[in-house]
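What you see is a predicted model; the values in this text were computed from it and never measured. In this chain, numbering begins with 1 at the start of the sequence shown.
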Amino acid sequence: MTKIAIIGAGLIGGSLALCFKGAPGLRVTGYSYRQQSADKYVQLGVVDEATTSLEEAVDGADFIFLCVPVGLLADYAQRISKMPLKSGCVLTDVGSTKARVASAVAGIEWGDAVFIGGHPMAGSERAGVEAASSILFENAYYVLTPDDNTPREALDRLSRLLELTRAKIVHMNPAEHDEIVGAISHLPHLIAAALVNQVRRYNESNGGYAMLAAGGFRDITRIASSDPVVWRDILLDNREVVLRLMEEWGSELDRLAGILRSEDGEAISNAFRDAGEFRSSLPERRKGVLQSVYECYMDVPDHPGIIGKIATELGNRNISLSNLQIIETRMDVPGVLRLSFRTQGDLDQAVEVLEAFNYVVRVS
């Protein structure tokens, strides 16, 4: 029996546990320093067993997943390294930054155990073990950051285990990972937070900003609502990369400001055209480090019961809606209905069903 220890079974740790639990020959042990959380792991069926003893959790483990906040990773790694670990045990983490983790564990003597950094690039707008899902990582990238001294056998064992997540496993050095993720995740989160706070300050003297900042503004800034503590740790951990990216972003804003000052309409068009072409070239069906949104839009006539009919048709086919919103409606135009789903599969099925009823459906 292969023992897997999940240290901190929240959204990521719990989802990993669900991918492993029940697979032949695997047994999953969860750890939390709080008894209430450990009990919840078992009650929700996320793990086979749970404990509040870190030493008990890692005892005899073949794999140990450190699913704690980035700011606590080094401390947990140090504590576990002082415990008797099974020969050949593979330890890994799920942190969103890798270079500082790699540096922190480089000086640790692991004996016959091996540490391999990891980052499953998927998430959810929800948090906690209650949001854990066995399909969270499906069709996502899962980055592993081995170094030159990582035994190939250990890397292969971890990679084979992670195949149960149905993610695409890729290998990358820690610095390269942090550069890429800094640009496509860390910087966008900062920009979104800054933009929302700018509008918040305007709203203090004119409530019209909050009144009109619905729909599109909420959509493009949704990542500003991310967990403050998690993002404090991530940004501090990757601060050197992010600070350089912010300087480059500032230069790009200055360039765009120069275009506006010179009233160069062609350059403005080119900026949007180039951005649109690159964005269109990005894969649509693979999950990324930013949580995907599975939504479609449709015009609906102002008829009594029309929204209920749409919801019923989807429900009759076991298509689960996560949200439904009327974006705008006037007496002289159809309403615009936004339907949100939890998976790409649900969205695809919904579009097929609605189009069969002759509704015009748009997927952004």
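With hydrophobic clusters built from ILVMFWY side chains whose heavy atoms lie under 4.5 angstrom apart, Leu236 does not share a cluster with Val242. Residues Leu253 and Met246 share a single hydrophobic cluster, defined by chaining ILVMFWY side chains whose heavy atoms lie under 4.5 Å apart.
Remark: Asp346 pairs with Thr343 by the side chain to side chain donor-acceptor pair (under 3.5 Å) rule, at least two apart or across chains. Scored by the salt bridge (charged side-chain N to carboxylate O under 4.0 Å, His left out) test, Glu313 finds Arg317 as partners (sequence neighbours excluded). Residues satisfying the side chain to side chain donor-acceptor pair (under 3.5 Å) test with Arg232, not counting sequence neighbours, are none. Qualifying salt bridge (charged side-chain N to carboxylate O under 4.0 Å, His left out) partners for Arg152, counting only residues two or more places apart in sequence or in other chains: Asp156. Take Glu163 and apply the salt bridge (charged side-chain N to carboxylate O under 4.0 Å, His left out) test, not counting sequence neighbours, and it matches no residue. With sequence neighbours excluded, no residue forms a salt bridge (charged side-chain N to carboxylate O under 4.0 Å, His left out) with Lys21. With sequence neighbours excluded, the residues that form a side chain to side chain donor-acceptor pair (under 3.5 Å) with Lys86 are Asp62.
Proximity of Asn203 to Met211: side-chain heavy atoms (C-beta onward) are nowhere separated by under 4.5 Å. In this structure the side chain of Leu11 reaches within 4.5 angstrom of the side chain of Leu136, judged on heavy atoms. In this structure, Pro69 and Val230 have side chains that are not in contact, with every pair of non-hydrogen atoms separated by 4.5 Å or more. Taking 4.5 Å as the limit, some side-chain heavy atom of Ile180 sits within range of a side-chain heavy atom of Met172. Annotation: side chain of Val47 is in contact with side chain of Val42 (closest heavy-atom distance under 4.5 Å). Between Val199 and Phe217 there is a side-chain heavy-atom pair separated by less than 4.5 Å. Taking 4.5 Å as the limit, every side-chain heavy atom of Val170 sits out of range of all side-chain heavy atoms of Leu144.
Gln35 and Asp39 form a side-chain donor-acceptor contact under 3.5 Å, judged by distance and modelled atom types alone.
Closest heavy-atom contact between Gly45 and Leu18: O-CD2, 3.9 Å. Closest heavy-atom contact between Ser15 and Ala132: OG-CA, 3.4 Å. Thr145 and Gly118 get closest at one heavy-atom pair: OG1-N, 4.3 Å. Nearest approach of Gly95 to Val70, heavy atoms of both residues: CA-CG2, 4.1 Å.
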Working for salt bridge (charged side-chain N to carboxylate O under 4.0 Å, His left out), residues Lys40 and Glu130:
CA-CA 9 Å; Lys40 187 183 295 184; Glu130 296 87 353; 2.8 Å; yes

Side chain to side chain donor-acceptor pair (under 3.5 Å), that's the test. Do Thr150 and Asp147 meet it? Break it down for me.
CA-CA 5 Å; Thr150 301; Asp147 60 30; 3.0 Å; yes

Intermediate values then yes/no, salt bridge (charged side-chain N to carboxylate O under 4.0 Å, His left out), Arg27 and Glu49
CA-CA 8 Å; Arg27 185 164 185 83; Glu49 60 200 9; 3.3 Å; yes

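Applying the ring pair (Phe, Tyr, Trp, His ring centres under 6.0 Å) test to pairs two or more places apart or on separate chains, none has a residue in residues 240-267. The stretch residues 145-182 participates, sequence neighbours left out, in these ring pair (Phe, Tyr, Trp, His ring centres under 6.0 Å) pairs: His119-His177.
Under a 4.5 Å side-chain heavy-atom cut-off, the cluster of Ile, Leu, Val, Met, Phe, Trp and Tyr residues that includes Tyr76 is completed by Ile7, Tyr31, Tyr33, Leu54, Val58, Ile64, Leu66, Val68, Leu72, Leu73, Ile80, Met83, Leu85, Leu91, Val101, Val105, Ile108, Trp110, Phe115.
Using a cutoff of 4.0 Å between basic side-chain nitrogens and carboxylate oxygens, Arg157 and Glu153 are scored as salt-bridged.
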Listed pairs under 3.5 Å, donor-acceptor, residues 265-273 side chains, sequence neighbours left out:
| from | atom 1 | to | atom 2 | distance (Å) |
| --- | --- | --- | --- | --- |
| Ser269 | OG | Gly265 | O | 3.2 |
| Asn270 | OD1 | Arg273 | NH1 | 2.5 |
| Asn270 | ND2 | Glu266 | O | 3.3 |

Residues 190-197 side chain polar contacts: donor-acceptor under 3.5 Å, at least two apart:
| from | atom 1 | to | atom 2 | distance (Å) |
| --- | --- | --- | --- | --- |
| Asn197 | OD1 | Arg200 | NE | 3.1 |
| Asn197 | ND2 | Ala193 | O | 3.2 |

